[in-house]
Asks: 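Questions regarding the structure given below will be posed in turn.
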Amino acid sequence: MPELPEVETIRLNLHEHLVGDRILKVTLRRADIVCGDPEDFLAAVGGKRVVGTDRRGKAMWLCLEGDIAVAVHLRMSGRLLLVQSSDELPPHTHMLAELSGGRRLIYVDPRRFGRLELLHLGRFDQSVILRNIGPDALSEDLSAQYLQEAAGAHSVGIKQFLLDQSHLAGIGNIYASEILHRVGLHPATPANRVTTEEMQRIIDATREILEAAIGARGTTLGDSQYQTGLGQSGGYQQCLRVYGKAEENCPVPGCDGVIRRSKIAQRSTYFCPVCQARGRGRRAGR
DNA sequence: CGGACAACCTGGTTGC
DNA sequence: TGCAACCAGGTTGTCC
């Protein structure tokens, strides 16, 4: 499902192919996917030129002329696609924007968890989609000290902490398992017992994995509908080391562990019980 | 306040 | 074969 690398891939597609185009007309086939007044949304967006794109965590937005923007959160099954106007609309197309040049930007979302929202520059803090979103997982100035302070009051497992978008934005269920495996931390390690040094390794592994995933255009799993903004599948599913690999051998050289799947905080969690043994970090500190 | 959990929604899979 | 039950996942809202 769309996490940071998938959203960033779509944003890059739209940045390359959409900036400079004018939105001629917008149609909402389901008004309830828009936060706020749908009439305001339609009136503000129609006729505007796209001047840029941006993203924080799993949220992205298209900057339009007139100091407004359209924010998008894909949640579970949302897709933002650039298609030809002559193409047949896929099922569950809830919004279509006619563009100059005979193309359309469409929003498709079978489960309808995702949302679109009209933003006003300088008033992003009032946005439903953007409020409560912490620093982006790829931001340059992210520090181990910050993460450790943020974790200070939290006794939940480190995996659940990483999924909390108010502390660190962009990591979802798939990449959380991959990151913790790379670091060698058990997903249930209490967040407030993770050392500064381990937090730094989490930051490094996050950058390494998310950037590689962006390079591969994201992860498209068998049961996932994820597509890039141009309708392609991602390629990072071939690089996953633990997610969806229950009962397979741990890919770490020399490790004889077998990947286990368990439910942590109601979510499927994959890890190697050998190289991510509980208490490993504390023992290493002696 | 933190933390647990239901709710949102649909398509796909599993179980009977 | 048919149909019900269950599951997946990101986030918000409610309750303790």
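So you know, we letter chains A, B, ... as the sequences are listed, proteins then strands, and number each from 1.
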Asks: Can you tell me how far P of dG13(C) sits from CD of Gln165(A), to the nearest Å?
Replies: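 These atoms are roughly 15 Å apart.
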Asks: How would you label the contact of Ser155(A) with the nucleic acid (heavy atoms, under 4.0 Å): base, sugar-phosphate, or nothing?
Replies: sugar-phosphate
Asks: Rounded to the nearest Å, what distance is computed from the NE2 atom of residue His167(A) to the C1' atom of nucleotide dC1(B)?
Replies: 12 Å
Asks: Tell me: CE of Met76(A) to P of dT11(C), nearest whole Å?
Replies: 10 Å
Asks: Under 4.0 Å between any heavy atoms, over every strand shown, what does Arg131(A) touch: base, sugar-phosphate, or nothing? Just pick one.
Replies: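 Sugar-phosphate, backbone atoms only, no base.
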Asks: When you check the gap from the basic side-chain N to the acidic O, do Arg103(A) and Asp21(A) get nearer than 4.0 Å?
Replies: yes
Asks: Restricting to nitrogen or oxygen on both sides, can you table the protein-nucleotides 8-12 of chain B pairs closer than 3.5 Å?
Replies:
residue, atom, partner, partner atom, Å
dC9(B), O4', Arg111(A), O, 3.4
dC9(B), O3', Arg112(A), NH1, 3.3
dT10(B), OP1, Arg112(A), NH1, 2.2
dT10(B), OP1, Arg112(A), NH2, 3.4
dT10(B), O2, Arg111(A), NE, 3.3
dG11(B), OP1, His92(A), NE2, 2.9

Asks: As a test of reading the structure: which of dG3(B), dT11(C), dC5(B) is closest to the side chain of Gln266(A), going by heavy atoms?
Replies: dC5(B)
Asks: State which residue, out of Lys25(A), Arg22(A), Arg104(A), fulfils the salt bridge (Lys or Arg N to Asp or Glu O under 4.0 Å) condition with Glu98(A).
Replies: Arg104(A)
Asks: Asp164(A) has an atom CG; how far is it from atom P of dT12(C), in whole Å?
Replies: 10 Å
Asks: Would a 4.5 Å heavy-atom cut-off, applied to side chains only, mark Thr189(A) and Glu198(A) as touching?
Replies: no
Asks: How many Å lie between CG on Leu163(A) and P on dC5(B), as a whole number?
Replies: 16 Å
Asks: Can you label the angle between the His167(A) ring and the Phe161(A) ring as parallel, tilted or perpendicular, going by 30° and 60°?
Replies: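 The arrangement is parallel - the two ring planes meet at less than 30°.
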Asks: Starting at CD of Glu8(A), measure out to CG of Leu138(A) and round the result to the nearest 0.5 Å.
Replies: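 With rounding to 0.5 Å, CD (Glu8(A)) is 7.5 Å from CG (Leu138(A)).
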Asks: Is there a side-chain polar atom (N or O) of Lys263(A) under 4.0 Å from OP1 or OP2 of dC7(C)?
Replies: no
Asks: Provide the distance between the two P atoms, one in dC9(B) and one in dT14(C), to the nearest whole Å.
Replies: 15 Å
Asks: Out of curiosity, Tyr236(A) OH to Glu178(A) CD, how far, rounded to the nearest 0.5 Å?
Replies: 6.0 Å
Asks: Show me, range against range, the stems involving DNA chain C, built from at least 3 consecutive Watson-Crick or G-U pairs below 3.5 Å.
Replies: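 Stem list for DNA chain C: B:2-8 with C:10-16, B:10-16 with C:2-8.
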Asks: Distance between the C1' atoms of dA6(B) and dC6(C), in whole angstroms?
Replies: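 So the two C1' atoms sit 16 Å from each other.
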Asks: Output the rounded distance in Å from CD1 (Ile133(A)) to P (dT11(C)).
Replies: 7 Å
Asks: Taking NZ, NE, NH1 and NH2 as the nitrogens, is one of them in Asp204(A) or Arg182(A) under 4.0 Å from a carboxylate oxygen of the other?
Replies: no
Asks: Specify the separation, in whole Å, of atom NE2 of His154(A) and atom C1' of dA4(B).
Replies: 14 Å
Asks: To the nearest Å, how far apart are Asn132(A) CG and dC1(B) C1'?
Replies: 15 Å
Asks: Can you find a heavy atom in the side chain of Cys275(A) that is under 4.5 Å from one in the side chain of His181(A)?
Replies: yes
Asks: Quick one, Ser77(A) with Asp109(A), criterion side-chain hydrogen bond (donor to acceptor under 3.5 Å, both in side chains). Give me CA distance, side-chain angles, the key distance, then yes/no.
Replies: CA-CA 5 Å; Ser77(A) 59; Asp109(A) 190 355; 2.5 Å; yes
